[in-house]
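Numbered from 1 within each chain, the chains take letters A, B, ... in sequence-line order.
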Number of protein chains: 2
Amino acid sequence: MAANILLVEDEPGIQELLKFNLTQAGHQVTATGDAEEALKFLKTTLPDVILLDWMLPGMSGIDLCRRLRNDERYQPIPIIMLTARGEERDKVLGLDTGADDYITKPFSPRELVSRIKAVLRRRAPQMTDELVEINGLRLDPISHRVQGRGQALELGPTEFRLLHFFMTHPERVYSRTQLLDQVWGDDVFVEERTVDVHIRRLRLALEPSAHAELIQTVRGSGYRFSADVG
Amino acid sequence: MAANILLVEDEPGIQELLKFNLTQAGHQVTATGDAEEALKFLKTTLPDVILLDWMLPGMSGIDLCRRLRNDERYQPIPIIMLTARGEERDKVLGLDTGADDYITKPFSPRELVSRIKAVLRRRAPQMTDELVEINGLRLDPISHRVQGRGQALELGPTEFRLLHFFMTHPERVYSRTQLLDQVWGDDVFVEERTVDVHIRRLRLALEPSAHAELIQTVRGSGYRFSADVG
DNA sequence: GAGCCGGTGTCATAAATCAGTCATACTGCT
DNA sequence: AGCAGTATGACTGATTTATGACACCGGCTC
């Protein structure tokens, strides 16, 4: 996993506790004490997940959440609300603001970690280190290996990331621009056509185990990874 | 194994019993009777494992555990809770404070010893003194020897630790940074590229028995120890 | 204390791989 | 056929690793 997490929690004790547990779980944590501080941090860095305390001094967590959800830059970042209240009403409210999940205090660190994992899996499956296997094509992020029906396949770094993204987002067309954003990164300036070249390299790499056809061209739209031969 | 163990147990009888058994098992044991004493000891020495009684006079074991878990200095030290209660609720609580394991009284010394071993293996597999053997490559931490198919191999201290780490964490890619943390130590300031050099030295040392290829380069990611030739 | 030595970290350079671009060939569709 | 979108092969600069050399350090010997 190893996600970058932004924690917004005013109570020092809890902040410390959470930071410790999350770090322990292999995450990179930045802790802030209020909404302003959090926003400041967000100006320079985009975390993978935001943990947001419900009650905060100044702008409340729920306000911050709404605000983030209205900014397209932060929109894709999963938000998990931490709340001390257990009322159903509040929970619903929390979700309506655009939070991806909420968790009621007191909670076990274990639970939190697993929720983070769940949220990441939903938003950015390629970030979880889970092994993916489709139609006999297997990609293991941990050992950084790809096998096609048992046979080892060689692919370069970019092809590996590309395949990983595809395998965690199958059956769906992605434009070249989207692929550039997702696989290369938002801040890269590269020709769109470069994607074609890497698609080709990926296909070549998958050729030995006849998995090349899983990468399908959708004329006028982009590419799709699909188990369907059609 | 031969670990340094800090025992925190207020009941003299049990303390003696445990100390005897653990010493018998080859460990170095320091016994303390309460949390304060334990903390004092910890200021000067970092043990490999902490055995913590649940009920203690003054600060309870669980409080001590939480406290230790919030101090990054003690963070990596495995903690095993000793508890007289068997309730599930308590167990969960104990784990949530950051304890690595718990064991319910009464327990057999044998069980305790094996749990210690397990916890050590989990936190830092290369700390257990167990002999490791992969593909005819054998590393014995006790005699500090390495053999490739019976043939003795010469490697320096750093290469030995590096190989030990790799052999206890196979089939997994590690970045240079991770290797520096794990093999050199967190507090060392060394160039990342230095890892390359030691990888090379390790490969050279494994050459005589043709085990060099177990150390694999994963371009753009780091290195991997793998029995797979692929 | 001088000199030797194994062990380490750094660096410069060579070698290996890769990424991005482009020109050109190819394809499917109208 | 004509057009727009893709595939392909080749090329070049850039990045990443491998390698050999070297300087430094602490311990030891004489």
Side-chain angles (χ1 to χ4, degrees), chain A residues 144-146 152-166 173-207 211-226 230, chain B residues 144-146 152-166 173-207 211-226 230:
Chain A
H144 209 274
R145 277 200 154 110
V146 181
L153 300 174
E154 297 292 328
L155 34 169
T158 304
E159 284 70 57
F160 186 90
R161 291 200 311 276
L162 185 57
L163 179 60
H164 193 189
F165 174 76
F166 271 135
V173 183
Y174 289 95
S175 70
R176 291 174 176 70
T177 306
Q178 289 175 312
L179 288 173
L180 282 176
D181 282 351
Q182 297 286 326
V183 178
W184 273 253
D186 324 278
D187 47 350
V188 194
F189 119 93
V190 185
E191 282 293 321
E192 273 204 358
R193 285 293 152 203
T194 298
V195 175
D196 298 33
V197 180
H198 281 279
I199 287 283
R200 172 158 182 280
R201 286 170 181 160
L202 178 54
R203 280 171 172 159
L204 246 51
L206 299 182
E207 200 55 62
H211 280 111
E213 54 199 36
L214 296 186
I215 312 286
Q216 301 166 355
T217 304
V218 181
R219 194 183 171 82
S221 301
Y223 299 93
R224 171 183 55 209
F225 183 92
S226 169
Chain B
H144 212 271
R145 281 209 174 98
V146 181
L153 299 174
E154 296 293 326
L155 37 168
T158 305
E159 283 70 57
F160 185 88
R161 291 201 311 277
L162 185 56
L163 180 60
H164 194 188
F165 175 75
F166 269 135
V173 182
Y174 289 95
S175 69
R176 290 172 177 69
T177 306
Q178 289 175 313
L179 289 173
L180 282 176
D181 283 351
Q182 297 285 329
V183 178
W184 274 255
D186 323 278
D187 48 350
V188 193
F189 120 92
V190 182
E191 283 294 321
E192 273 203 358
R193 285 293 151 203
T194 298
V195 175
D196 298 34
V197 180
H198 282 278
I199 288 283
R200 173 158 179 278
R201 288 169 180 161
L202 178 54
R203 279 172 173 159
L204 246 49
L206 299 181
E207 200 56 62
H211 281 111
E213 55 198 34
L214 296 186
I215 312 286
Q216 303 166 355
T217 303
V218 180
R219 180 175 241 263
S221 299
Y223 296 95
R224 169 182 59 208
F225 183 92
S226 169

Quiz item: Got a donor-acceptor contact below 3.5 angstrom from the A/Arg161 side chain to the A/Val183 backbone?
Solution: yes
Quiz prompt | CD-CD distance between B/Glu154 and B/Glu159, expressed to the nearest 0.5 angstrom | solution = 12.0 Å
Quiz item: How would you label the contact of B/Glu192 with the nucleic acid (heavy atoms, under 4.0 Å): base, sugar-phosphate, or nothing?
Solution: nothing
Self-check item: Pairwise side-chain contact, A/Leu214 with A/Phe166, heavy-atom cut-off 4.5 Å (strictly under)
Solution: no
Exercise. Any chance you could list the contact pattern along nucleotides 18-25 of chain D? Use B for base contacts, S for sugar-phosphate-only contacts and - for none, protein heavy atoms under 4.0 Å, 5' to 3'.
Key: SBB-----
Exercise. Would you kindly give the CZ-to-C1' distance between A/Arg224 and D/dT6, to the nearest whole Å?
Key: 16 Å
Quiz item: Could you give the CD-to-C1' distance, from B/Glu191 to C/dA12, as a whole number of Å?
Solution: 14 Å
Practice problem: Report the distance from atom CZ of A/Arg219 to atom C1' of C/dG28, rounded to the nearest whole Å. | Solution: 5 Å
Quiz item: How close or far is atom C1' of C/dC18 from atom CD of A/Glu154, stated in whole angstroms?
Solution: 14 Å
Quiz prompt | With B/Phe165, the ring pair (Phe, Tyr, Trp, His ring centres under 6.0 Å) member among B/Phe225, B/Tyr174, B/Tyr223, B/Phe160 | solution = B/Tyr174
Exercise. Have a look at B/Val195 and say if it touches a base, only the backbone sugar-phosphate, or nothing, with a 4.0 Å heavy-atom cut-off.
Key: nothing
Quiz item: Pairs in or reaching into residues 181-199 of chain A: which pass salt bridge (charged side-chain N to carboxylate O under 4.0 Å, His left out), with residues at least two apart or in two chains?
Solution: A/Arg176-A/Asp196, A/Arg193-A/Asp196
Quiz item: OP1, OP2 of C/dA19 versus side-chain N and O of A/Thr194: anything below 4.0 Å?
Solution: no
Practice problem: Using atom CZ of A/Phe160 as one end and atom P of C/dC18 as the other, report the distance to the nearest whole Å. | Solution: 13 Å
Self-check item: A/Trp184 side-chain N/O to C/dA19 phosphate OP1/OP2 under 4.0 Å
Solution: no
All N/O donor-acceptor pairs, side-chain side in residues 199-207 of chain B, below 3.5 Å, sequence neighbours left out:
from	atom 1	to	atom 2	distance (Å)
B/Arg203	NE	B/Ile215	O	3.4
B/Arg203	NH2	B/Ile215	O	3.1
B/Arg203	NH2	B/Thr217	OG1	2.7

Practice problem: Grab the CZ-C1' distance between A/Phe189 and C/dG20 for me, whole Å please. | Solution: 10 Å
Quiz item: Between atom CG in A/Leu162 and atom P in C/dA19, what is the gap in whole Å?
Solution: 11 Å
Quiz prompt | Separation of D/dT6 P from A/Leu179 CG (nearest whole Å) | solution = 12 Å
Practice problem: Determine the contact category for B/Glu159: base if any of its heavy atoms lies under 4.0 Å from a base atom, sugar-phosphate if only primed atoms, P, OP1 or OP2 are that close, otherwise nothing. | Solution: sugar-phosphate
Self-check item: A/Phe189 CZ to A/Leu180 CG distance, which is reported to the nearest 0.5 Å
Solution: 11.5 Å
